[in-house]
2 protein chains.
Amino acid sequence: MSRLKELIKAARGEEPADLVLKGGRVVNVFSGEIERLDVAVKDGLIAGLGRYDGREEISLGGKFLSPGLIEPHLHIESSLLCPAQLAEVVVPRGTTTIIADPHEIANVLGLDGIRFMLKASEGLPMDIFYMAPSCVPASRLETAGAELTAEDLMTLLDEPRILGLAEMMNFPGVINHEPPVLAKLEVFSARPIDGHAPLLSGNDLNAYISAGISTDHECTVLSEAREKLARGMRVLIREGSTARNMAELLPLVTENNFRRIGFCSDDRHANDLIEEGHLDWILRKSVNLGLDPVRALIMASHNAAEAYSLPKTGAIAPGYHADMVILDSLETFSVDRVYKAGRLVSRDGQLINPIPALSIPDSMSPMNTGPLDLQSLEVKITATKARAIELIEGQILTGKLIVETPGKDGFLRADTKRDLARLVVVERHKATGNIGQALVKGFGLQKGALASSIAHDSHNIISVGISSGEILTAIKAVEEMHGGLAVAVENQILACLPLPVAGLMSPAPAREVAADYRKLETMVRETGCALENPFMALSFLALPVIPSLKLTDKGLVDVDAFDFVDLFVN
Amino acid sequence: MSRLKELIKAARGEEPADLVLKGGRVVNVFSGEIERLDVAVKDGLIAGLGRYDGREEISLGGKFLSPGLIEPHLHIESSLLCPAQLAEVVVPRGTTTIIADPHEIANVLGLDGIRFMLKASEGLPMDIFYMAPSCVPASRLETAGAELTAEDLMTLLDEPRILGLAEMMNFPGVINHEPPVLAKLEVFSARPIDGHAPLLSGNDLNAYISAGISTDHECTVLSEAREKLARGMRVLIREGSTARNMAELLPLVTENNFRRIGFCSDDRHANDLIEEGHLDWILRKSVNLGLDPVRALIMASHNAAEAYSLPKTGAIAPGYHADMVILDSLETFSVDRVYKAGRLVSRDGQLINPIPALSIPDSMSPMNTGPLDLQSLEVKITATKARAIELIEGQILTGKLIVETPGKDGFLRADTKRDLARLVVVERHKATGNIGQALVKGFGLQKGALASSIAHDSHNIISVGISSGEILTAIKAVEEMHGGLAVAVENQILACLPLPVAGLMSPAPAREVAADYRKLETMVRETGCALENPFMALSFLALPVIPSLKLTDKGLVDVDAFDFVDLFVN
């Protein structure tokens with residue numbers, strides 16, 4: 001009550017505001033116009049726009065003042081950073097709110113992982129909200145570290161920072177009305193529910209949407225986005241580190257529908273965040289592609305707040321949270337200063353106050369593989385033809401190939417001439433000893449092996465390599481780090497990056513992680529691999545909900561049939 | 001769960017839908033486009049759009065299919081009809097949802113009145129939601145039948161059809177941060193709160209909005225609407241029986257802001273609803289004034305649902321309530337059929353099923369005036385100049401005049417030559433005996449008197465007339481009917497309309513009420529009054545929250561000063 005009274009007094013000008021930003025060009029998300037007005041802040045909220053006096057007054061000298069940018073769908077884990085270290089990178093880029101899906105850590109640690117993410121994002125100079133992961137494990141075709149049932153998810157309903165249900169990747173489960181899937185949808189029926197249904201169309205799409213699924217960020221084709229939007233989904237145009245859909249999807253935006261469209265990153269690496277940016281980079285790209293800059297800002301702030309029913313967020317208007325970004329221009333979108341809840345949190349690309357370190361409990365660093373030796377990595381050839389996963393650079397979809405089985409002495413071997421490498425997934429949660437085996441084309445590997453404890457979505461250890469020995473060396477390195485990334489040639493580890501938080505994240509500062517990651521990528525070149533994002537590409541090869549051919553610890557999966565398929569074509 | 005499963009099955013086409021509307025041109029509120037698709041309905045919900053088979057199939061032959069129209073702000077009482085009888089009129093006009101403010105009955109009967117309205121709107125072929133009246137009584141300057149405190153309003157929070165807080169007319173109370181007013185705002189802080197602040201601007205407007213007030217329907221000037229929209233209010237363009245702002249405000253609508261704008265009726269008479277229409281009439285007018293018809297339909301359906309967070313309402317999309325209107329054209333907006341929750345409820349302007357009568361308890365018909373005779377209506381003149389209310393036709397604002405006091409033998413008298421009539425307000429709730437006295441210019445009365453128990457917002461008995469005797473005759477007629485409208489000349493009642501529900505509404509069918517009302521208006525012509533809506537004009541003369549000069553049972557009110565002022569200028 002007293003806060004409201006003080007706000008009204010400041011708004012009316014009865015008392016000076018805490019802070020007045022003067023002389024800015026204020027982006028108005030409601031009218032789509034730019035106004036030259038003072039903005040008065042009181043107790044973390046916008047009091048008013050007009051002419052004001054404040055205890056503190058800042059002159060913006062004609063710079064642009066925009067609502068803080070809002071990321072509506074991000075997997076923090078994909079940055080390799082913990083929430084605080086991510087904040088250090090993205091807040092100076094103008095991001096004041098993230099809606100994250102802690103799906104990755106939930107696959108490793110279940111509810112404990114989600115509660116760790118909640119805890120690890122307290123007291124930051126930004127708001128981090130979460131959606132409750134809907135698909136842990138992502139499928140019955142893999143071994144995850146945890147399972148989240150509808151009852152488990154129900155325990156999250158009272159968490160004020162849990163907004164809704166995260167991307168419902170199990171679209172076959174929805175449209176085939178599987179009871180455990182519908183039970184999860186029912187738990188969140190009054191909340192936002194994110195969709196994830198690549199290329200779903202027609203009556204199947206109707207069925208999926210009728211279940212209450214309200215957003216989609218998986219469109220890759222313009223006609224797909226048009227259909228999903230027309231059927232009522234809010235479309236989030238994704239532009240991340242690997243999946244980049246903006247160029248294809250931007251023509252979707254019209255004067256009639258732009259308030260139903262947003263932007264998201266989905267998965268974005270620390271390096272890219274540091275070097276290119278976050279939503280500021282997305283804004284820059286979209287405007288370069290011809291989008292009106294004010295419309296772009298509305299899409300990157302207000303529309304996201306609206307899609308997730310964030311109260312009083314995403315606008316510079318009386319009563320709204322004073323989350324604001326000062327931009328030098330609406331072309332470069334270079335960020336001068338960032339205010340969160342009325343407090344200056346970043347200037348010239350640097351946080352004002354360092355974020356205190358969070359201690360990571362040991363329970364967040366499990367590593368539980370079964371016995372693993374050279375012998376266990378060998379595969380006996382049973383047919384002259386074999387299936388191979390075809391990597392498509394820049395996409396998380398893969399192709400299905402059938403190839404002459406590469407081998408020697410009756411055992412499966414890589415064939416560098418045909419760019420066929422071995423792919424191995426080793427279960428790491430329950431010591432089942434499961435090892436999935438496949439072939440993959442497209443890495444360009446001539447020698448060595450890469451291994452990673454990031455392997456969507458169960459995050460077992462995945463390795464691509466030439467020889468069983470190199471694969472073993474890389475996997476053992478990952479195991480010893482309690483998770484991480486490694487590149488090996490022969491019996492040498494050329495580089496590695498420990499990710500001891502669930503095998504997914506590093507507690508180190510972003511620049512350190514990024515430097516280690518760059519070194520890792522440089523060392524990957526030693527293997528002959530020339531992919532832009534080799535570890536990200538590798539990590540998606542175990543994701544059995546994205547077509548067409550994937551590998552889990554349980555075996556090779558034909559995603560179109562949503563079932564296992566033999567490595568060999570008999 | 002089973003409902004969701006059946007919906008998904010119908011959406012997917014696994015089982016036939018309950019109903020399929022084929023061959024229509026479907027208005028898409030998300031894309032702003034028109035699509036030729038079948039619409040499948042299951043169990044009251046839209047299952048899908050595409051190609052479908054149904055147990056029942058209806059061919060639309062190219063007619064337009066729009067979401068049901070949604071009225072975001074209406075005082076049902078102003079129609080003079082009870083909710084069911086109102087539904088009989090507006091459902092065939094395409095209205096499937098009303099968000100009503102039961103402010104009038106609350107001023108007479110408090111929470112009992114609101115609960116009566118909830119009860120009286122159960123089981124109708126439309127949804128009626130309510131906002132909790134925020135200003136009962138409207139001011140301390142009048143005697144109402146009830147008072148609603150923040151604690152009283154809190155008892156309404158659990159009612160599923162109470163959406164938020166109704167129009168906060170006490171804008172001085174808000175911007176002067178009066179504790180009882182802020183307490184009400186706090187109770188509804190997480191819900192929509194309607195505004196009501198005519199011409200409020202600048203920092204005062206900021207203060208008002210900062211308190212959480214989210215809509216405005218009181219704009220009369222384009223610049224006012226632009227400012228309110230830019231500061232974050234959703235603007236409802238009002239076009240009612242008396243207050244008509246569309247022509248002035250329609251230029252507000254742009255491609256950038258149209259989703260922040262809606263239409264409302266506020267106050268609309270039974271006659272006008274029957275003869276002209278409801279939102280269909282508003283649509284027709286707006287398109288005649290140049291608005292794009294699809295945009296107009298979005299504003300009259302989806303935007304209203306969004307402003308009041310009505311779940312899954314206001315669109316023809318999977319999972320949405322199957323509230324739909326079949327329109328012959330997007331020029332005439334003439335309504336062919338209306339579906340509510342997938343059920344055909346109206347065809348060719350007639351409800352399919354008659355609505356059963358609701359018995360009105362006696363407690364809904366109080367009448368408690370103090371002693372009243374000729375003597376008590378006389379006013380002794382104390383100055384040669386007097387204040388007079390200037391009626392402005394078509395507006396609820398009034399002007400302030402100072403005139404030579406008209407009188408005879410030292411007593412106030414009407415002066416027909418100067419068009420100065422007497423205006424009297426008699427308290428009717430608590431038998432206080434309060435009688436307010438004033439002069440009014442603009443009725444054109446040559447003889448006789450009009451009286452009404454509708455007198456915003458306290459709904460005491462208001463009468464305009466020439467002689468004390470005629471005024472008394474008219475008021476006594478209203479009293480005997482337990483509320484209603486009457487016109488008298490000399491000691492004869494020329495016509496009357498009983499409104500025994502709180503003195504505001506008739507339980508009779510709309511056409512009966514409208515016929516009686518027309519007769520009443522015809523008889524008013526006998527008095528010389530040529531106003532288009534004499535009783536509506538009369539009813540707003542007691543509303544002390546709309547500038548500039550008004551009369552309550554406690555006396556003459558200078559609204560700009562928000563205080564009493566003497567009738568005579570000493």
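Chain naming here is simple, since letters A, B, ... match the order of the sequence lines and numbering starts at 1 in each.
Your options are B:A10, B:A40, B:G48, and the one with the most heavy-atom pairs under 4.5 Å with chain A is B:G48. Ranked by non-hydrogen atom pairs under 4.5 Å with chain A, the options B:F30, B:Y52, B:Y320, B:Y208 are led by B:F30. When each of B:S210, B:S309, B:P311 is checked for heavy-atom pairs under 4.5 Å with chain A, B:S210 comes out on top. Ranked by heavy-atom pairs under 4.5 Å with chain A, the list B:G13, B:G319, B:A207 is led by B:A207. Here A:N203 is the residue among A:V174, A:N203, A:D204 with the most heavy-atom pairs under 4.5 Å with chain B. Taking A:A211, A:A190, A:S189 one by one and counting their heavy-atom pairs under 4.5 Å with chain B, the maximum is reached by A:A211. Ranked by heavy-atom pairs under 4.5 Å with chain B, the list A:K42, A:E14, A:K312, A:E306 is led by A:E14. For the set A:N257, A:I316, A:L7, A:I8, the entry with the most heavy-atom pairs within less than 4.5 Å of chain B is A:I8.
Proximity to chain B (any heavy atom under 4.5 Å) is shown, for A:R226, by neither the backbone nor the side chain. Residue A:E33: no heavy atom, backbone or side chain, is found under 4.5 Å from chain B. The contact between A:L37 and chain B is made entirely by side chain atoms (from C-beta outward), counting heavy-atom distances below 4.5 Å. For A:A315, no part lies near chain B; criterion is any non-hydrogen pair under 4.5 Å. Heavy-atom distances place the side chain of A:R260, and not its backbone, under 4.5 Å from chain B. At a 4.5 Å heavy-atom cutoff, A:E178 makes no contact with chain B through either its backbone or its side chain. Contacts between A:R12 and chain B at a heavy-atom distance below 4.5 Å involve backbone atoms as well as side-chain atoms. Looking at B:D292, there are no atoms closer than 4.5 Å to chain A (heavy atoms on both sides), in backbone or side chain. Only the side chain of A:F258 has a heavy atom closer than 4.5 Å to any heavy atom of chain B. The contact between A:N28 and chain B is made entirely by side chain atoms (from C-beta outward), counting heavy-atom distances below 4.5 Å.
Here B:N176 contributes atom CG and A:K9 contributes atom NZ; the two are 11.0 Å apart, rounded to the nearest 0.5 Å. With values rounded to the nearest 0.5 angstrom, B:E186 atom CD is found 12.5 Å from A:K5 atom NZ. Taking OG of B:S31 as the start and CD of A:E227 as the end, the distance is 12.0 Å to the nearest 0.5 Å.
A ring pair (Phe, Tyr, Trp, His ring centres under 6.0 Å) check over residues 175-194 of chain A, counting only residues at least two apart or in different chains, returns nothing.
Using a distance-only test at 3.5 Å, with no hydrogens or angles considered, no donor-acceptor pair links the side chain of B:N206 to the main chain of A:P318. In this structure, B:R259 contributes its side chain and A:N256 its backbone to a donor-acceptor pair below 3.5 Å.
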